[in-house]
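Reading through the structure tokens given below for one structure.
Values below: all heavy atoms of this structure, side chains included; hydrogens, waters and symmetry mates excluded.
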Amino acid sequence: MSLPFDQRDGFIWMNGKMLPWKDARLHVLSHGLHYASCVFEGERAYGGRIFKSTEHSERFLKSAQVLDFEIPYTVAELDAAKAACVEINGFQSCYVRPVAWRGSEMMAVAAQHATINVAIATWDWPSMFDVEQKMKGIRLDIADYRRPDPQCAPCDSKAAGLYMICTISKHRAERKGYADAMMLDWQGRVAECTGANIFFVKDGVIHTPIADCFLDGITRRTVIGLAKKRGFEVIERRIMPEELASMQECFLTGTGAEVTPVSEIGPYNFQPGAISRTLVEDYTAEVTPRSKAA
């Protein structure tokens with residue numbers, strides 16, 4: 001079993017200061033814990049450099065605004081704090097987690113005067129699979145819970161509360177032997193997985209759901225750009241579950257997943273192929289820091 005996250009060594013940036021890892025704490029009556037007034041980012045550093053750090057910081061600020069609070073740091077300050085956190089912990093390939101939450105000054109649904117706390121943590125996280133392992137594809141279940149109607153939840157925010165059904169769905173999938181679960185939206189259309197966006201390939205054309213009830217991921221946008229650069233047609237549209245029977249390839253995108261091919265979703269099977277491999281390799285090249293001489 002890996003070391004619990006509250007018992008690790010290193011440093012966490014919290015409210016403008018670099019603290020010893022074990023000293024970065026919050027009170028049990030923090031509003032963010034009880035009422036989910038919390039937003040976060042999932043980022044990754046390669047060769048000591050955070051990939052698209054500024055885009056993540058911008059989304060971090062926007063997520064907080066959607067939840068009706070202001071993060072008290074600028075994009076530039078957040079970028080600098082994240083870079084410092086990676087450096088002081090001595091990481092090259094690592095995960096980067098900024099998080100902001102309402103504090104413990106008020107404990108009720110309304111908490112306009114609660115302090116906004118911000119922390120940044122990093123931990124070692126090399127790529128999970130090499131290309132050949134990835135090309136075997138992972139198996140997905142189909143989740144019971146669905147992504148909510150945008151009129152019922154702040155779907156354009158990376159808000160902690162939105163991940164409750166993701167955790168439940170992933171746990172259920174893992175108990176059945178799957179790696180993850182694909183989620184439908186509130187109207188029964190294909191949406192995303194519990195922590196990654198999803199793509200399909202049919203007759204050389206890439207199809208992906210319209211991101212209107214889930215996050216338009218930064219990795220998603222990156223991969224769409226890489227695919228178009230290769231000359232692949234990418235269509236963002238509504239996809240019904242029964243269409244999966246005619247799809248030939250499937251892959252996921254996300255900070256953790258990077259680009260991960262899929263071999264099975266419930267009763268539907270796919271064969272990870274040339275387009276998936278190309279995008280796995282192109283994404284790896286995109287995130288790999290280039291030497292200054294290059």
Please assess Glu87 against Lys82 for the test side chain to side chain contact (heavy atoms under 4.5 Å, CB included), listing each intermediate value before the final yes or no. CA-CA 9 Å; Glu87 182 177 7; Lys82 288 185 289 183; over 6 Å; no

Worked check of side chain to side chain contact (heavy atoms under 4.5 Å, CB included) between Phe69 and Val39: CA-CA 10 Å; Phe69 66 81; Val39 298; 4.1 Å; yes

Mind running side chain to side chain contact (heavy atoms under 4.5 Å, CB included) on Met183 and Cys166 for me, showing each step along the way? CA-CA 9 Å; Met183 307 182 81; Cys166 299; 4.1 Å; yes

From CA spacing to verdict: salt bridge (charged side-chain N to carboxylate O under 4.0 Å, His left out), Asp6, Lys22: CA-CA 6 Å; Asp6 62 343; Lys22 295 178 183 179; over 6 Å; no

From CA spacing to verdict: side chain to side chain contact (heavy atoms under 4.5 Å, CB included), Leu19, Phe11: CA-CA 5 Å; Leu19 301 179; Phe11 296 89; over 6 Å; no

Run the side-chain hydrogen bond (donor to acceptor under 3.5 Å, both in side chains) check on Ser263 and Lys136 step by step: do they pass? CA-CA 7 Å; Ser263 62; Lys136 294 177 182 178; over 6 Å; no

Go through the steps to decide whether Thr115 and Glu105 satisfy the test side-chain hydrogen bond (donor to acceptor under 3.5 Å, both in side chains), and finish with yes or no. CA-CA 7 Å; Thr115 298; Glu105 291 79 11; 2.9 Å; yes

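Between His207 and the options Glu233, Arg238, Arg237, a side chain to side chain donor-acceptor pair (under 3.5 Å) holds for only Arg237. Applying side-chain contact (heavy atoms from CB on, under 4.5 Å) to Tyr283 and the options Val287, Leu279, Val280 leaves one that passes, Val287.
How far CD1 of Ile120 is from CD1 of Ile12: 10.5 Å, rounded to the nearest 0.5 Å. From Phe5, atom CZ reaches atom CZ of Arg97 across 9.0 Å, with rounding to the nearest 0.5 Å. Interatomic distance, CD of Glu43 versus OG1 of Thr122, reported as 11.0 Å (0.5 Å rounding). If you take CD1 on Ile168 and CG on Asp144, they are separated by 10.0 Å, rounding to the nearest 0.5 Å. The distance from atom NZ of Lys228 to atom CD1 of Ile206, rounded to the nearest 0.5 Å, is 10.0 Å. Put simply, CZ on Phe51 and NE2 on His56 are 7.5 Å apart, with the number rounded to the nearest 0.5 Å.
Judged by distance alone, the side chains of Ser63 and Lys158 never bring a donor and an acceptor atom under 3.5 Å apart. At a cut-off of 3.5 Å, with distance as the only test, a side-chain donor of Gln248 or Asp203 sits close to an acceptor on the other residue.
A donor-acceptor pair under 3.5 Å links the side-chain atoms of Glu249 to the main chain of Ser276, judged by distance alone. Asp141 places no side-chain N or O within 3.5 Å of a backbone atom of Ala143 that could act as its donor or acceptor partner. Side chain of Arg59 to main chain of Glu41: no donor-acceptor pair is present (N/O by atom type, distance under 3.5 Å, no hydrogens or angles). In this structure a side-chain-to-backbone donor-acceptor pair under 3.5 Å is present from Glu243 to Met240. Between the side chain of Asn15 and the backbone N or O of Val118, at least one donor-acceptor pair lies under 3.5 Å. One N or O on the side chain of Asn197 and one on the backbone of Leu215 form a donor-acceptor pair closer than 3.5 Å. Remark: side-chain polar atoms of Arg44 are paired, donor with acceptor, to backbone N or O of Thr255 under 3.5 angstrom. Under the 3.5 Å distance criterion, the side-chain polar atoms of Thr260 are matched with a main-chain donor or acceptor of Ala257. Under a 3.5 Å cut-off, the side chain of Arg220 and the backbone N or O of Gly254 do not form any donor-acceptor pair. For the pair Asn89 (side chain) and Cys85 (backbone), a donor-acceptor distance under 3.5 Å is present.
More than 12 heavy atoms of other residues, nucleotides or ligands lie within 6.0 Å of NZ in Lys52, so this atom counts as buried by the packing criterion. Around the CD atom of Glu242, the shell of radius 6.0 Å holds more than 12 heavy atoms that belong to other residues, nucleotides or ligands.
Under a hydrophobic clustering in which Ile, Leu, Val, Met, Phe, Trp and Tyr are joined whenever their side-chain heavy atoms come within less than 4.5 Å, directly or via other members, Ile198 and Val205 fall into different clusters. A continuous path of ILVMFWY side-chain contacts below 4.5 Å connects Ile138 to Met247, so both sit in one hydrophobic cluster. The same ILVMFWY cluster, assembled from side-chain heavy atoms under 4.5 Å apart, contains both Val96 and Leu78. Under a hydrophobic-cluster definition in which Ile, Leu, Val, Met, Phe, Trp and Tyr are linked whenever side-chain heavy atoms come within less than 4.5 Å, directly or via other members, Phe214 and Leu162 are assigned to different clusters. A single hydrophobic cluster is seen to contain both Leu26 and Val99, as judged by linkage of ILVMFWY side chains at heavy-atom distances under 4.5 Å, directly or through other members.
When ring centroids are compared, Tyr73 and Phe60 stay outside the 6.0 Å threshold.
Annotation: ring pair (Phe, Tyr, Trp, His ring centres under 6.0 Å) contacts of Phe232 (sequence neighbours excluded): none.
Of all heavy-atom pairs spanning Cys38 and Trp101, the tightest one is CB-CB, 4.1 Å. What you find for Ser169 and Tyr145 is that their closest heavy atoms are OG-CB, 4.0 Å. Contact between Ile88 and Met18 at its shortest, heavy atoms only, is CD1-CG, 3.7 Å. Closest non-hydrogen pair, Phe270 versus Val262, comes out as CB-O, 3.5 Å. The heavy-atom pair separating Asn117 from Gly103 by the smallest distance is ND2-CA, 3.4 Å. The nearest pair of heavy atoms linking Ile239 to Phe200 is CD1-CD1, 4.0 Å.
Using a 4.5 Å heavy-atom cutoff, the side chains of Lys202 and Ser246 are in contact. Looking at Cys250 and Ile265, their side chains come closer than 4.5 Å, going by heavy atoms from C-beta outward. Annotation: side chain of Thr54 is not in contact with side chain of Ser57 (no heavy-atom distance under 4.5 Å). In this structure the side chain of Met182 reaches within 4.5 angstrom of the side chain of Leu244, judged on heavy atoms. A heavy-atom distance below 4.5 Å is found between the side chains of Tyr46 and Pro289. In this structure the side chain of Thr253 never reaches within 4.5 angstrom of the side chain of Glu258, judged on heavy atoms. The closest side-chain heavy-atom distance from Cys213 to Pro148 is not below 4.5 Å. Here the side chains of Glu286 and Thr222 are in contact, with some heavy-atom distance below 4.5 Å.
The list of side chain to side chain donor-acceptor pair (under 3.5 Å) pairs with a residue in residues 25-37, not counting sequence neighbours, reads His31-Ser37.
Comment: Lys170 engages Glu174 in a salt bridge, judged by a side-chain N to carboxylate O separation of less than 4.0 angstrom.
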